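Structure, as structure tokens:
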Amino acid sequence: MTFDQVAALNDTVKGFSPLELTRWAIEQAAGKAIVTTNFRPYEAVILHLATQAQADIPVLWVDHGTNLPETYRFAEKSRTQLSLNLRPYLPLMTAAHWLALNGGSIPMPDEVERVESFSRIMKLEPFERGMRELAPSVWITALRKEQNPQRAATLKPVMWDEKFQTLKVNPILEWTPVEMEAYLAEFELPNERTYYDPAKGDEKHECGLHAKLVTDVAKG
């Protein structure tokens, strides 16, 4: 898809609410939409939006095996409350195996080589595998500008992912924590603030799923 074609789609959806954009995205997907999650704080918002538009939409989750117990409980609560069609993808190497070969502890943000190894083996590989197997024509995400200051100017509600040849749709791109909190309260959705991603560390540093794998729009 060309830059001009993506720009035209963004003109089409200008002014859409998050739910309207989510419904529009699923209409474009011809039955091949997915939503991705990592069950970080506020993830119930995008999962609720997606399941309102398509109750059985596949939910791709990379479970790298080193999440905190609170994250796993939040994932299960979300799965149950929203009747999620959860599609977990696990690394080919167990967390215990990776930890045994890499210092025995979860990497800290300043341990660059360990962080890169964890990201590549425990997160990126299962994510790529999940995207290949599910082969979505539309990929719905929880990306928000407020969390991505380095790339905020380049992020759009509708983008083209060259690697996976899919439309990437970001319904809550403009929302701040104020809107997120209000949505959670309105629909009595679960949330969990205790979260740590070894491949991300600092909240303003993107993990590989969006920073390393994604080409926002095709050139030309």
Side-chain angles (χ1 to χ4, degrees), residues 18-19 21-23 25-26 29 31-96 98 106 118-119 122-144 147 164 166 168-173 175 177 179-200 203 207-210 213:
L19 182 57
L21 180 54
T22 305
R23 285 176 170 156
I26 288 173
K32 295 288 288 181
I34 69 163
V35 59
T36 52
T37 188
N38 53 12
F39 291 108
R40 63 176 296 129
Y42 298 128
E43 288 290 288
V45 173
I46 195 64
L47 295 173
H48 184 265
L49 286 166
T51 53
Q52 292 303 295
Q54 181 184 329
D56 65 347
I57 186 171
V59 179
L60 194 168
W61 174 37
V62 172
D63 176 11
H64 49 71
T66 61
N67 286 300
L68 297 173
E70 293 88 344
T71 300
Y72 286 112
R73 288 192 285 267
F74 172 43
E76 183 61 16
K77 189 172 184 179
S78 300
R79 185 191 67 80
T80 302
Q81 183 170 332
L82 298 174
S83 299
L84 297 179
N85 178 15
L86 195 59
R87 304 292 184 89
Y89 276 82
L90 280 62
L92 300 178
M93 178 182 289
T94 66
W98 187 90
I106 295 173
F118 184 92
S119 179
M122 307 301 286
K123 293 190 66 180
L124 300 184
E125 185 284 322
F127 179 76
E128 287 188 300
R129 179 163 25 97
M131 290 293 282
R132 287 195 307 269
E133 291 182 6
L134 296 175
S137 57
V138 170
W139 168 19
I140 297 171
T141 88
L143 275 177
R144 290 191 291 127
Q147 291 180 308
F164 298 114
T166 183
K168 182 178 177 184
V169 180
N170 311 305
I172 54 174
L173 189 64
W175 275 16
E179 286 90 357
M180 303 292 277
E181 292 283 357
Y183 194 95
L184 291 174
E186 179 181 357
F187 293 101
E188 299 181 339
L189 297 171
N191 199 22
E192 175 53 57
R193 300 186 186 280
T194 304
Y195 177 81
Y196 181 74
D197 182 348
K200 195 168 184 178
E203 285 294 312
C207 72
L209 300 193
H210 292 296
L213 288 179

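Throughout, residue positions are numbered sequentially from 1 according to the sequence presented. The basis for the numbers below is simple: all heavy atoms, side chains too, and nothing from hydrogens, waters or symmetry mates. Please read these numbers as outputs of a predicted model, since none were measured by experiment.
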Out of curiosity, [X] [atom1] to [Y] [atom2], how far, rounded to the nearest 0.5 Å?
X	Y	atom1	atom2	result
Ile140	Thr22	CD1	OG1	5.5 Å
Tyr195	Thr71	OH	OG1	6.5 Å
Leu84	Asp56	CG	CG	11.5 Å
Leu173	Thr141	CG	OG1	8.0 Å
Met131	Thr36	CE	OG1	7.5 Å
Ile57	Ile26	CD1	CD1	4.0 Å

Side-chain donor/acceptor of Ser78 to backbone N/O of Ala44, under 3.5 Å
no
Under 3.5 Å, side chain of Asn191 to main-chain N/O of Tyr42, donor-acceptor pair present?
yes
Residues forming a side chain to side chain donor-acceptor pair (under 3.5 Å) with [X], sequence neighbours excluded:
X	value
Glu188	none
Gln81	none
Thr194	Glu192

Of all the heavy-atom pairs spanning [X] and [Y], show the shortest one and how long it is.
X	Y	answer
Arg23	Gln52	NH2-O, 4.4 Å
Leu49	Pro18	CD1-CB, 3.9 Å
Leu60	Ile34	CD1-CD1, 4.1 Å
Pro58	Ala33	CD-O, 3.4 Å
Gly65	Tyr72	CA-OH, 3.2 Å
Thr166	Pro136	OG1-O, 3.1 Å

Restricting to pairs with a member in residues 72-95, which pass salt bridge (Lys or Arg N to Asp or Glu O under 4.0 Å), not counting sequence neighbours?
Glu76-Arg79
Taking the side chain as C-beta and beyond, is there a heavy-atom pair between [X] and [Y] under 4.5 Å?
X	Y	value
Gln147	Arg40	yes
Leu189	Leu47	no
Asn38	Lys123	no
Thr66	Met122	no

Checking [X] now: which residues fulfil side-chain contact (heavy atoms from CB on, under 4.5 Å) with it, not counting sequence neighbours?
X	answer
Ser137	Ala29, Lys32
Leu90	Asp63, Pro88
Glu186	none

Centroid-to-centroid, Phe127 to Trp139, below 6.0 Å?
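Aromatic pair counts; centres sit under 6.0 Å.
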Among residues at least two apart in sequence or on other chains, which ones pass salt bridge (Lys or Arg N to Asp or Glu O under 4.0 Å) with [X]?
X	result
Glu70	none
Glu125	Arg129
Arg132	none

Do Leu134 and Tyr89 pass the side-chain contact (heavy atoms from CB on, under 4.5 Å) test, and can you show the C-alpha distance, the side-chain angles, and the key distance before you say yes or no?
CA-CA 11 Å; Leu134 296 175; Tyr89 276 82; 4.1 Å; yes
Could you tell me which residues satisfy ring pair (Phe, Tyr, Trp, His ring centres under 6.0 Å) with Phe118, sequence neighbours excluded, listed by chain and number?
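By the ring pair (Phe, Tyr, Trp, His ring centres under 6.0 Å) rule, Phe118 matches His64, Trp98.
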Checking Tyr183 now: which residues fulfil ring pair (Phe, Tyr, Trp, His ring centres under 6.0 Å) with it, not counting sequence neighbours?
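Listed in chain order: His48, Trp175, Phe187.
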